[in-house]
2 protein chains.
Amino acid sequence: MSEKITIYDIAKKLNITAATVSRALNNNPRISDTTRKLVMETAASMGYTQNKLALALKSGKSNLVGVIVPYIDTSFFASIIRGIEEALHPEGYNVIICQTHETEAKEIETVNTLLNAQVDGILMSLSKTSKETTHFEHILNKKIPLVFFDRRKNIKGVSSVTIDDFEGGYVATKHLIEQGCKTIAHLSGDWSLEIYKNRSEGYKQALLDHGLKYDEKYLLHVKSDTEAGKSAVDTLMKLDKKPDAIFSSSDFVALGAIQRLQELGIKLPDDFCVVGFSNEPFTQLMELSISSVDQAPHEMGRMAAKVFLDQVSGVGKVKIEQKVELTPHLISRKSSVKPVAKKKAK
Amino acid sequence: MSEKITIYDIAKKLNITAATVSRALNNNPRISDTTRKLVMETAASMGYTQNKLALALKSGKSNLVGVIVPYIDTSFFASIIRGIEEALHPEGYNVIICQTHETEAKEIETVNTLLNAQVDGILMSLSKTSKETTHFEHILNKKIPLVFFDRRKNIKGVSSVTIDDFEGGYVATKHLIEQGCKTIAHLSGDWSLEIYKNRSEGYKQALLDHGLKYDEKYLLHVKSDTEAGKSAVDTLMKLDKKPDAIFSSSDFVALGAIQRLQELGIKLPDDFCVVGFSNEPFTQLMELSISSVDQAPHEMGRMAAKVFLDQVSGVGKVKIEQKVELTPHLISRKSSVKPVAKKKAK
DNA sequence: TTGTACGCGTTATCAC
DNA sequence: GTGATAACGCGTACAA
């Protein structure tokens, strides 16, 4: 076995021309069955594999799609990428993975790298600090499809797949109200990210729709880890009127909050309810399983891929700007379902 | 802004030849500073980006590396991929992700796809059902580096990065013995995967080294989910002499076991100890945090990347067969550390 | 049905 | 210091 077999090698062996080999391999109708068969067989026996690079260079289509995420090893983004890969692989696309580490500098660098690699499309989720837009215009100038998922920026001509974060915040809060909670605190993230802001607005609207007051004292902006959840509880418990529930925009924060609440001897869900966001794998594994809003990341990934495929296969190459918004679903678990309310719900 | 700018476009604009532009862009010494500067500037202003595909075709080096895993969205593999990406990105490589869904058919198909894509190397973890080896030979015939991580097959000339699973099983079991456990059961997986077999052998050796009996009654082969852990406990508790500890080769199984044990009213860690394997994110988040053997997946990914880089940059292109074995570390947590033993340890 | 010639975007090897 | 040209591997319009 040799190293690199090209159609020329197999042409030479058969005393025919490379063009004929190419035709045989591509099931071109204008070729005799005997030749086709002969070519196929010798190609197989010589271990020929098509060089997609050459094909890509010629056709201008690399069948490569770039996916950019902050980190690949968070369950949310990993699931999205899985969805993307599974939707794109059957269509003959390969997926290139890039991480921004939540920095704009890496985001820009990465976009350029992918552009160099001649990807046929870029699917990405914004990094937290992203402010610039020139690198996006760069993409659009090259006429290659750009699809945002989860964290988006409103750019004309750019499609996006997100969940309805407002709705997510709304149903989570509504659920807590239905459990009989009267003073619902909210732990949010940095509002420079639309997703957090939208969840907060859903929270606010749910309160108002159900005759509860919206008081900014009960809204805290925190980091997305368990420690932040713990200190948030400490802060909240110093208020004159203590809350009896928390809607957190992060499961990790929710977990930290629950741990501190339990340390303080507060009984969940009887005296206090907590709902998180993202449906992280651990939420259902806990002894006191944590209610959470599921974002269907796998579905989001598949949808982002589909939006991309629609763009490239679009009739007349009409660039349709699709804004897909998936509906989040509340998963009720022990941390927020009171025994009483359980009966009431039936 | 136009669509695709090539060096010809910028050559035409400057009334020079493409070769000169290429030289200017690549800091070739045989060019005047004025020309270089002029080219650089107009290239930037025209929004030129190098077409890596053309470069790849010419040089035979795509700067693409294929990574094959069963699933991308398990924390273990996601962390490995993160490690790989982080080590390879600075070296100018892009990472293509593929999933086998634990099937050999997809594994073979995927290998061929990557070969078509002209990747410069393949880093992979075997799928559970993998028996064939012809697709690996296919890779080797093309002289492209192949590196196994975690799940390997012993093939001449192929490097691998694994953890010392024997050691992992050994330290976990030894730890349980040191906690005073006398009858240690072991929940393993399918031994057709080396990793499980090796962990079991470490378990056995630790028992023998410390004067305990190895009895196959206490060794169960189970699937890797919580349900399997629960029913395993049911099985073990029917034995004449009930065990007082479990070493599980999976954290999920360990969790299920713990849940069933608690349902049975057994006190952990006082009356029963459990140690899992993999250090899944949830193990440290549980109320009764679970002891586990950490596999350092991030490090494993970086190492796999490094082994690959060593191969391609190897002097004289000597294909060195590296077998790297990382040392696993036991993370002791509540599920296995008895108050008494704690003092004793000091 | 098959062969010829060309181009995709680059870089390298010659000449000049 | 710069220009012309070949080559990487492939598909295809055109000619035969």
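Taking atom CG of B/Asn116 as the reference point, atom C1' of D/dG9 lies 13 Å away to the nearest angstrom. A/Lys12 places its NZ atom 20 Å from the P atom of C/dT2, with the value rounded to the nearest Å. Across the protein-nucleic acid pair, B/Leu55 atom CG and C/dC8 atom P stand 18 Å apart, rounded to whole Å. For A/Lys58 and C/dC8, the NZ to C1' distance is 6 Å, given to the nearest whole Å. Taking atom CD1 of B/Ile10 as the reference point, atom C1' of C/dT10 lies 14 Å away to the nearest angstrom. Counting to the nearest Å, the P atom of D/dG1 and the CG atom of B/Asn27 are 14 Å from each other. The distance from atom CG of B/Asp33 to atom C1' of D/dG1 is 11 Å, rounded to the nearest whole Å. For A/Arg23 and D/dA16, the CZ to C1' distance is 12 Å, given to the nearest whole Å.
With distances taken from any side-chain atom of B/Ala19 to the nucleotides C/dT10, C/dA12, D/dG9, the minimum falls on C/dA12.
Counting any heavy atom pair closer than 4.0 Å across all strands shown, B/Ile7 reaches a base atom. At a threshold of 4.0 angstrom between heavy atoms, the contacts of A/Ser22 include nucleobase atoms, whether or not backbone atoms are also involved. Across all strands, B/Thr49 comes closer than 4.0 Å only to sugar-phosphate atoms, never to a base (heavy-atom distances). When heavy atoms are screened at a 4.0 angstrom cut-off, B/Thr17 is found touching base atoms of the nucleic acid. Residue contacts for A/Ile31: at a heavy-atom cut-off of 4.0 Å it reaches the sugar-phosphate backbone alone, with no base atom in range. Across all strands, A/Ile16 comes closer than 4.0 Å only to sugar-phosphate atoms, never to a base (heavy-atom distances).
For B/Lys323, the NZ atom counts as densely surrounded, since its 6.0 Å shell holds more than 12 non-hydrogen atoms of other residues, nucleotides or ligands. Atom NZ of B/Lys13 sits in a sparse spot, with 12 or fewer heavy atoms from other residues, nucleotides or ligands closer than 6.0 Å.
Mapping B/Asn15 and A/Asn51 onto DNA chain D by nearest heavy atom places B/Asn15 at the nucleotide closer to the 5' end. Across the interface with DNA chain C, nearest-nucleotide mapping of B/Ala54 and B/Asn28 shows B/Ala54 to be the residue nearer the 5′ end. For the pair B/Arg30 and B/Leu25, both in contact range of DNA chain C, the more 5′-proximal nearest nucleotide belongs to B/Leu25.
Salt-bridge check for B/Glu194 with B/Arg151: failed, with every basic side-chain N at 4.0 Å or more from each acidic carboxylate O. B/Glu41 has no carboxylate O lying under 4.0 Å from a charged side-chain N of B/Lys37, or vice versa, which leaves the two without a salt bridge.
Between B/Thr20 and D/dG3 there is a side-chain polar atom (N or O) within less than 4.0 angstrom of OP1 or OP2. For the OP1/OP2 pair of C/dT11 and a distance below 4.0 Å, the side-chain nitrogens and oxygens of B/Gln50 include at least one atom meeting the criterion. Contact between the side-chain N/O atoms of B/Ser32 and the OP1/OP2 oxygens of D/dT2 is found at a separation under 4.0 Å. Note on A/Asn26: a side-chain N or O is less than 4.0 Å away from OP1 or OP2 of D/dG11. For B/Thr35 and D/dT2, the shortest distance from a side-chain N or O to OP1 or OP2 is below 4.0 Å. The phosphate of D/dG3 has neither OP1 nor OP2 within less than 4.0 Å of any side-chain N or O from B/Tyr8.
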Open item on the list: What verdict does the ring-ring contact (aromatic ring centres under 6.0 Å, His included) test give for A/Phe148 and A/Phe136, after you've listed the backbone C-alpha separation in whole Å, the side-chain angles of each residue and the deciding distance to 0.1 Å?
Closed with: CA-CA 11 Å; A/Phe148 288 127; A/Phe136 301 130; 5.4 Å; yes
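To the nearest 0.5 Å, atoms CG (A/Leu115) and CD (B/Gln50) are separated by 12.5 Å.
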